[in-house]
Structure formats: structure tokens, C-alpha cells
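Data block below; observations after.
Every chain is numbered from 1, with letters handed out A, B, ... down the list of sequences. The basis for the numbers below is simple: all heavy atoms, side chains too, and nothing from hydrogens, waters or symmetry mates.
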Protein chains: 2
Amino acid sequence: MDNQDWNKQRVLETLRDAGVNPTSQRVEIGYALFSSCAHLSAEEIMQRVNADYPVVSKATVYNTLGLFADHSLVREVIVEPGKVFYDPNVSMHHHFYHVDTGQLQDIPASSLQISKLPDIPAETEVENVEVVIRLRQRVAH
Amino acid sequence: MDNQDWNKQRVLETLRDAGVNPTSQRVEIGYALFSSCAHLSAEEIMQRVNADYPVVSKATVYNTLGLFADHSLVREVIVEPGKVFYDPNVSMHHHFYHVDTGQLQDIPASSLQISKLPDIPAETEVENVEVVIRLRQRVAH
DNA sequence: CTCTTTGCAAAGGATTTGCAAGCTT
DNA sequence: AAGCTTGCAAATCCTTTGCAAAGAG
């Protein structure tokens, strides 16, 4: 799902399978997102899509990313106030956050195990479990 | 540290111990924060402090909360873009986040155990480990 | 023709910042 | 006087929204 070659045809099919009408803008945004293995902000995605010439507006980028998130095509990761990262990897995994550089880094699900979960409050269900390990540059001691 | 009776004298000493110059505004903000066992936003803290008459400005609330965070007097919890909660409980614990209501709820450290942590990237050290379990209202199935 | 999608620009909310005035010593 | 602290208002950043025009079936 990740390292395979993404092309726009495949993005189109992915969107359709997820029940998202595959308009050209959505395919472009999906392609920028899926073919990168990075954690991008909305701004960065827009820059990539519009690198050569204007393809999508800011409003469409935000609307589309929200739509993708609703359909579980991306995962929104929030580590700083006012900054959302979009992670094309929606399978179970966690993140390192480098506070000095602002970079996010994946932690494979297998490298972190939660052995005990609390009881879930009545009438609710788990939407997801987010683990973020905040890292800072180590200074000489 | 939590349920004991907080009074302004004790806040003052706490600030001084943490190396924060205990001005009257900072004591008021600290008192509002520590004597509540809730997860408050900057806005809510300002409302509490200024409930009777104006005591602090918005700028000072933000500056002070940032200062407290730098000195580990509060923990910033980020669950939604553009919304920071300030948690007076700085000891190890985790959170439920009720997506429908926007409420944060503590998970005691003892109710959630992480049995395996990933290797930490070179030259870095862990600042903290945040676990947020996102909950939504359960619908009849 | 009707419904969906897009884009622009304006609005919005949370937080930060510049700078002059106020305290403290 | 020197340095830290405060408050106001303006600025900034990211995101959302209103609405009219464009596109699809």
C-alpha cells in the first residue's frame, strides 16, 4: 500500500473504492499525498500539487483533505497547536515528534506495544489510539 | 499535589521553587490552574481569573502559561488543531478525548501500560510520551 | 437542468508580537 | 536608572465559510 508505485490511475481507483468522487483535483491531491511517504501539512501538499502551475485552490486542498480523512484515506496527526499533519499511512502505527525540527517520524506498530488499556467509559467507543513520543536534541551532559 | 488545598501562598512558593518570579498575575493564574482539577483552555483560565474584575490581560495569560510550561508547572495537551489544554497534573498519565464533546479526561498511569518502547533515534532524548485515546459516542448497532 | 465541486476572497479563532507604560530594586 | 513584567492593539497563522461560477451526468 505504501511503496508500490503510485500513479494517478491507481489514485483514482483508490478514491472510487473509498466512495469519493474522483475529480481531477482530488486525484492530484491524492497523488501528492500517497506518493510521498512523508507527513505533510496542507500547505506543503498544496505547494507540491501546484509546483508547476496552479491546479487547486487552498479551499479545495482543505476540503479535500477533510473529505479524505472522513473516508479514512488519510490520518490527521496533531502535534502542535495550529498544525495538522496528514499521514497517508492509515494503518496502526505511532509517531516520534522531533520538537526541535518539527518533523514527524513513524513508529511501526510492532515497535511499541500497549499491554494494558483502560476501561472505556460507558456509551463510547474508541475511534483511535494515538501515541506520540516527543523527542528533543540530546545535549552533552 | 492535586487534591490538597491550594491557596495563593502555596502557589507563590510553588512558583518560586520552580524558578518563576511570582508576580501577582502569575500567582492568580497559577491559583486558577492548580486549584481546578480540570483541563482548561487559555480562554477559560482567563475567564476564571477575571471572573470578578479584570486581573490579567490575554497576552499575559498566554505568556504566563508558556512560562509555566517551560518550567514544567503545567502540561500542554494538544488534541485539536488550534486548541491547547493546560493540564495542572504534570505527573505521568494519559488522556481520553471525547471528540463529540471536546472534553479531556485523565487516564491514570496505572490503567495503561506500554510494555515495549521503540529504540530512540540517536542524539535525541524523550521529552514525554503522550497517549490520547479518542472516543466517540457509541451509536446503536 | 440539477447536483456536485471549485475558487476567490472574506471571515474566523487562537495565539503571538511590538512597544510603550508600570513595577521592582 | 536598569531590568523584568504587563496590557493593549495590531498582526499572524492556519483553517473555514459564503457564494457565485464551472463542471459533470
Side-chain angles (χ1 to χ4, degrees), chain A residues 8 11-12 15-16 18-33 39-50 53-71 73-87 99 102 104, chain B residues 11-12 15-16 18-33 39-50 53-71 73-87 97 99 102 104:
Chain A
K8 297 188 183 170
V11 172
L12 192 149
L15 298 191
R16 198 149 43 204
V20 172
N21 187 3
T23 66
S24 69
Q25 284 90 338
R26 289 172 184 169
V27 170
E28 292 297 331
I29 291 170
Y31 180 69
L33 195 59
H39 301 87
L40 303 173
S41 65
E43 186 61 31
E44 288 163 338
I45 291 168
M46 187 165 78
Q47 282 170 12
R48 291 184 181 215
V49 174
N50 290 345
Y53 49 90
V55 174
V56 283
S57 67
K58 188 171 290 193
T60 299
V61 172
Y62 280 104
N63 289 337
T64 300
L65 291 171
L67 186 68
F68 284 6
D70 291 343
H71 291 260
L73 289 164
V74 283
R75 174 164 160 189
E76 296 179 331
V77 183
I78 303 156
V79 274
E80 290 283 21
K83 180 124 219 179
V84 181
F85 287 103
Y86 291 89
D87 188 345
V99 297
L104 266 189
Chain B
V11 173
L12 192 152
L15 298 191
R16 198 148 45 203
V20 173
N21 186 4
T23 66
S24 67
Q25 285 90 338
R26 288 173 184 171
V27 170
E28 293 296 331
I29 292 170
Y31 181 68
L33 194 59
H39 302 87
L40 302 173
S41 65
E43 185 61 31
E44 289 164 337
I45 291 168
M46 187 165 79
Q47 282 170 12
R48 291 184 181 216
V49 174
N50 291 345
Y53 48 89
V55 174
V56 283
S57 67
K58 187 172 292 193
T60 299
V61 171
Y62 280 104
N63 289 337
T64 300
L65 291 171
L67 187 68
F68 285 6
D70 290 343
H71 290 260
L73 290 164
V74 283
R75 175 164 159 189
E76 296 179 332
V77 183
I78 303 155
V79 274
E80 290 282 22
K83 180 124 218 181
V84 181
F85 287 103
Y86 292 89
D87 187 345
Y97 178 61
V99 298
L104 266 190

Look at all strands and tell whether [X] reaches a base, only sugar-phosphate, or nothing, counting heavy atoms closer than 4.0 Å.
| X | result |
| --- | --- |
| B:Val55 | sugar-phosphate |
| B:Gln25 | sugar-phosphate |
| A:Asn21 | sugar-phosphate |

Ignoring hydrogens and angles, tell me if any N or O in the side chain of [X] forms a donor-acceptor pair with the backbone of [Y] under 3.5 Å.
| X | Y | result |
| --- | --- | --- |
| B:Thr64 | B:Thr60 | yes |
| A:His71 | A:Ala18 | yes |
| B:Asp87 | B:His39 | no |

According to a strict under-4.0 Å criterion, is [X] in side-chain N/O contact with OP1 or OP2 of [N]?
| X | N | result |
| --- | --- | --- |
| B:Thr23 | C:dC23 | no |
| B:Tyr62 | C:dT16 | no |
| A:Ser57 | C:dT6 | no |

| task | Please name the residue in the list A:Glu43, A:Glu28, A:Met46 that meets the side-chain contact (heavy atoms from CB on, under 4.5 Å) test with A:Val61. | result |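 Among A:Glu43, A:Glu28, A:Met46, the one meeting side-chain contact (heavy atoms from CB on, under 4.5 Å) with A:Val61 is A:Met46.
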What's the closest nucleotide to the side chain of [X] if the choices are [options]?
| X | options | value |
| --- | --- | --- |
| B:Ala59 | D:dT15, C:dT15, D:dC8 | D:dC8 |
| A:Lys58 | D:dT15, D:dT5, C:dT6 | D:dT15 |
| B:Ala42 | D:dT5, C:dT15, C:dT5 | C:dT15 |

Report yes or no: do B:Tyr97 and B:Glu80 form a side-chain donor-acceptor pair below 3.5 Å?
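Result is yes, a qualifying pair exists.
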A:Ile29 CD1 to C:dT5 C1', in whole Å, measures 12 Å
In numerical order, the residues of residues 78-86 of chain A whose heavy atoms come under 4.0 Å of DNA chain C are none
